[in-house]
Amino acid sequence: MQMRPNIKVDANSLKKTLAELQKFGKESERVISEVTQGAANDIRDKAMSNVRGYGNLVTNAVGNIVVEQTATGGSYYTINAQGVPMAAYFEFGTGSFVEVADEWKGLAWEFYVNGKGSLQPHPFLYPAFRDVRITYQKTLEKAIDILTKRYSV
């Protein structure tokens with residue numbers, strides 16, 4: 001009898017989670033990729049809606065938010081504001097106005113320049129990620145339950 005893996009989805013454990021899911025074989029890779037791509041698309045859609053809520057300055061600076069499967073393929077997708085370096089500064093703010101969720105501090109530091117600046121944050125991507133993450137985990141758990149039942153002896 002194959003046991004259902006103990007899985008919790010968060011930004012820090014995704015690689016481990018996907019490795020556990022591969023125990024179910026090729027079908028699990030396809031199912032998990034579909035669920036993950038759907039969540040990535042939902043994040044993109046919510047982020048675009050959030051950007052529009054801030055008006056033309058932010059919308060034009062952020063540009064088009066896209067979802068792409070990573071070069072490694074599989075169940076890994078990236079969500080980004082293609083080719084628009086200002087997007088990070090609108091997301092996190094600059095200077096003394098910077099506001100970053102703990103789990104995204106590493107990402108925010110990639111855009112640090114000099115600690116100066118006066119741009120207030122207009123978070124659009126993190127709120128979308130936070131909202132969709134809950135639904136993604138539930139959908140992923142349902143998929144895991146189905147796979148567990150299908151492949152259990």
Do Ile134 and Val35 belong together in a cluster built from hydrophobic side chains that touch within less than 4.5 Å?
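As far as the 4.5 Å side-chain criterion goes, Val35 and Ile134 are not connected within one cluster.
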Same hydrophobic cluster for Trp109 and Val113, using side-chain heavy-atom links shorter than 4.5 Å among ILVMFWY?
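No; Val113 is not reachable from Trp109 via cluster members.
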Please report the interatomic distance [atom1]([X]) to [atom2]([Y]), rounded to the nearest 0.5 Å.
X      : Y      : atom1 : atom2 : value
Ile65  : Asn41  : CD1   : CG    : 12.5 Å
Lys142 : Ile146 : NZ    : CD1   : 9.0 Å
Glu103 : Arg130 : CD    : CZ    : 9.5 Å
Asn64  : Thr59  : CG    : OG1   : 11.5 Å
Thr139 : Glu34  : OG1   : CD    : 12.5 Å
Lys138 : Arg133 : NZ    : CZ    : 13.0 Å

Does one side chain, of Tyr136 or Thr36, offer a donor that lies under 3.5 Å from an acceptor on the other?
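There is such a pair (donor and acceptor under 3.5 Å, judged by atom type) between the side chains of Tyr136 and Thr36.
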Regarding Tyr77 and Ser33, is there a side-chain donor-to-acceptor distance under 3.5 Å anywhere?
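Yes, because at least one side-chain N or O of Tyr77 sits under 3.5 Å from a partner of the opposite role on Ser33.
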I need the minimum non-hydrogen distance between [X] and [Y], along with the two atoms involved.
X     : Y      : result
Ala47 : Leu125 : CB-CD1, 3.9 Å
Lys46 : Val132 : CD-CG2, 3.6 Å
Asn50 : Ala128 : ND2-N, 4.0 Å

Electrostatic pair Lys105-Asp102, nearest N-O below 4.0 angstrom
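So Lys105 pairs with Asp102 through a salt bridge.
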Can you check whether [Y]'s main-chain N or O pairs, donor with acceptor, with [X]'s side chain at less than 3.5 Å?
X     : Y      : value
Ser49 : Asp45  : no
Thr94 : Leu119 : yes
Glu91 : Phe124 : yes

Can you find a pair of side-chain heavy atoms, one from [X] and one from [Y], that are under 4.5 Å apart?
X      : Y      : value
Val66  : Asn80  : yes
Phe92  : Trp104 : yes
Ser118 : Phe97  : yes
Val67  : Thr78  : no

Below 30° counts as parallel, above 60° as perpendicular, anything between as tilted: where do the rings of Tyr89 and Phe111 land?
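Geometry flag for Phe111 against Tyr89: perpendicular rings.
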Tell me whether Glu27 at atom CD has more than 12 heavy atoms from other residues, nucleotides or ligands lying less than 6.0 Å away.
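More than 12 within 6.0 Å, yes.
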